[in-house]
2 protein chains.
Amino acid sequence: MRTIPNARFWTRYDEVVINDLHGAVAARLKGVGQRYTTGREVLIRALAEAPRPLTAAELVAAEPRLSQSTTYRNLALLEQAGVVRTVTGTDEYTRFELAEELTGRHHHHLVCLSCGTVEDFDAPRRVEQGLADAIARLSSGTGFRAEGHRLDVLGTCAACAG
Amino acid sequence: MRTIPNARFWTRYDEVVINDLHGAVAARLKGVGQRYTTGREVLIRALAEAPRPLTAAELVAAEPRLSQSTTYRNLALLEQAGVVRTVTGTDEYTRFELAEELTGRHHHHLVCLSCGTVEDFDAPRRVEQGLADAIARLSSGTGFRAEGHRLDVLGTCAACAG
DNA sequence: ATTTATGCAAATCGTTTGCAAACCT
DNA sequence: AGGTTTGCAAACGATTTGCATAAAT
């Protein structure tokens, strides 16, 4: 999954968003007393260009400049800084994507039960509204303080369905 | 199939459901050419009595009769037989619960971002209906064949909130 | 110059597996 | 008996970490 000539195919976020993105990442890192190094920028760029959450191995494979240990270290750091979010599929790999607070795009995931890949998808506004309402009401009953939700649709991806 | 002295505190499913449960598990195992051994029954009982998904370590700790390797082996086997389902929280442990097909109780999870524990909760019918509709419509668009969904509410549990 | 980040290789730890003994039918 | 299941201990593999070097301020 290297950088492809025709980048537009892979790009999830337009130029403006991307430009803001690096500034926002730098700001968040500075807020936690961390630098926005070249290696970290490479990582963020790879995540921003991917059409779906990626595993650490995919990131390393996509960007020869990234070493395994530093990739894991920076992913953990970026997660703590609120820049990156981890995504769990059905296989043994942790996947990573940009935090919604940065992209401004709330979305959910299609998880393939066969191969484990995770694709993005958007739920209808009506569904999101219903979820938000239910979750808001939830807190009062259980003592659980809700901060967000994740909705995964499990099934078989187009590639595996054949 | 005896009843445990103070079972009520922990029991999620009433006697009738539990009794059917063991028969259903046995049937499913037989369907995959496997036996319903004593050890597997202990495992199922522990899962049925727990008020939330448990980790393998919790299961072993709860039941001295269970050895670690057999527990993992049987959990994997029971999952393949459609008896057990794995649940992913935010920590490094895989959790296990009875499959909804067996319990007949569709539910979702409250995942604590602080300590990682997972509690069960039921979404309002209206939300479930909205999800079902959205997912049904989804398949046509993407080539992804949906088979189910999982909805987790992320936040802070009562214990961690203090 | 001093602090922070990186890469390599070794360590970690939840989970899996090989093998001999115990179990079921 | 003949095949399956179990428990122990060793192996596995994704992720983490120690340490010496490179980069950033």
Side-chain angles (χ1 to χ4, degrees), chain A residues 22 25-47 53-81 83-96 115-118, chain B residues 22 25-26 28-46 53-81 83-96 115-118:
Chain A
H22 292 296
V25 171
R28 294 212 170 212
L29 284 176
K30 178 167 265 179
V32 197
Q34 298 288 351
R35 302 171 184 165
Y36 194 25
T37 63
T38 317
R40 289 169 190 173
E41 193 184 324
V42 169
L43 201 50
I44 293 297
R45 199 177 299 278
L47 288 174
L54 298 181
T55 65
E58 286 174 327
L59 283 163
V60 171
E63 270 296 345
R65 293 203 278 164
L66 298 175
S67 85
Q68 173 176 280
S69 63
T70 299
T71 299
Y72 276 112
R73 251 189 296 236
N74 281 336
L75 285 170
L77 188 113
L78 290 163
E79 186 183 11
Q80 282 187 27
V83 171
V84 158
R85 185 172 71 157
T86 69
V87 176
T88 309
T90 54
D91 59 14
E92 62 266 47
Y93 302 96
T94 303
R95 285 153 215 275
F96 303 86
C115 70
T117 50
V118 179
Chain B
H22 293 297
V25 171
R28 294 210 169 211
L29 284 176
K30 178 167 264 180
V32 198
Q34 299 286 350
R35 302 172 184 165
Y36 194 24
T37 63
T38 317
R40 288 170 191 173
E41 193 185 322
V42 169
L43 202 49
I44 293 297
R45 198 178 299 278
L54 298 181
T55 64
E58 286 174 326
L59 283 163
V60 172
E63 271 294 346
R65 293 203 278 165
L66 298 175
S67 85
Q68 173 177 282
S69 63
T70 298
T71 298
Y72 276 113
R73 250 189 296 237
N74 282 335
L75 285 170
L77 189 114
L78 290 163
E79 187 183 11
Q80 282 188 25
V83 171
V84 158
R85 186 173 70 156
T86 68
V87 176
T88 310
T90 54
D91 58 15
E92 61 266 46
Y93 303 96
T94 301
R95 284 153 215 275
F96 302 87
C115 69
T117 51
V118 178

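The model shown is predicted, which means the values in this text are computed figures rather than measured ones. Reminder, nothing fancy here: chain letters follow the sequence lines and each chain counts from 1.
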Minimum-distance nucleotide to A:Arg35 side chain [options: D:dG7, D:dA24, D:dT4]: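 From the listed options, D:dA24 comes nearest.
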A:Gln68, nearest nucleotide to its side chain (from D:dT16, D:dA14, D:dA24):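 Nearest listed nucleotide: D:dT16.
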Is the phosphate of [N] approached by [X] (side-chain N or O, under 4.0 Å from OP1 or OP2)?
| X | N | answer |
| --- | --- | --- |
| B:Arg73 | D:dT6 | no |
| A:Gln34 | C:dA5 | yes |
| B:Tyr72 | C:dT16 | no |
| A:Asn74 | C:dT6 | yes |
| B:Arg65 | D:dG7 | no |
| B:Thr94 | C:dT15 | yes |
| A:Ser67 | C:dC8 | no |
| A:Thr37 | C:dT6 | yes |

Approximate separation, where rounding is to 0.5 Å, of B:Ile44 CD1 and B:Leu75 CG: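 Here the rounded value is 8.0 Å.
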Distance, nearest 0.5 Å, that separates OH of B:Tyr36 from CG of B:Leu78: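 The CG atom of B:Leu78 is 8.0 Å from OH of B:Tyr36, to the nearest 0.5 Å.
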Under 3.5 Å donor-acceptor, B:Arg40 side chain and B:Asn74 backbone: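 Such a contact is absent between B:Arg40 side chain and B:Asn74 backbone.
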What is the distance, rounded to the nearest whole Å, between atom [atom1] of [X] and atom [atom2] of [N]?
| X | N | atom1 | atom2 | value |
| --- | --- | --- | --- | --- |
| B:Glu58 | C:dT15 | CD | C1' | 16 Å |
| B:Leu78 | C:dT15 | CG | P | 16 Å |
| B:Glu63 | D:dT6 | CD | P | 14 Å |
| A:Leu29 | D:dT25 | CG | P | 12 Å |
| A:Phe96 | D:dA14 | CZ | P | 13 Å |
| B:Tyr36 | C:dC23 | OH | C1' | 17 Å |
| A:Arg95 | D:dT15 | CZ | C1' | 15 Å |
| A:Leu66 | C:dA5 | CG | C1' | 13 Å |

Over 12 foreign heavy atoms within 6.0 Å of CD, B:Glu92: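 Enclosed.
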Whether over 12 other heavy atoms sit under 6.0 Å from A:Glu41 CD: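 Result for CD/A:Glu41: enclosed.
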Residue met sooner reading DNA chain C from 5', once B:Thr55 and B:Thr38 are mapped to nucleotides: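 The residue closer to the strand's 5' end, by nearest nucleotide, is B:Thr55.
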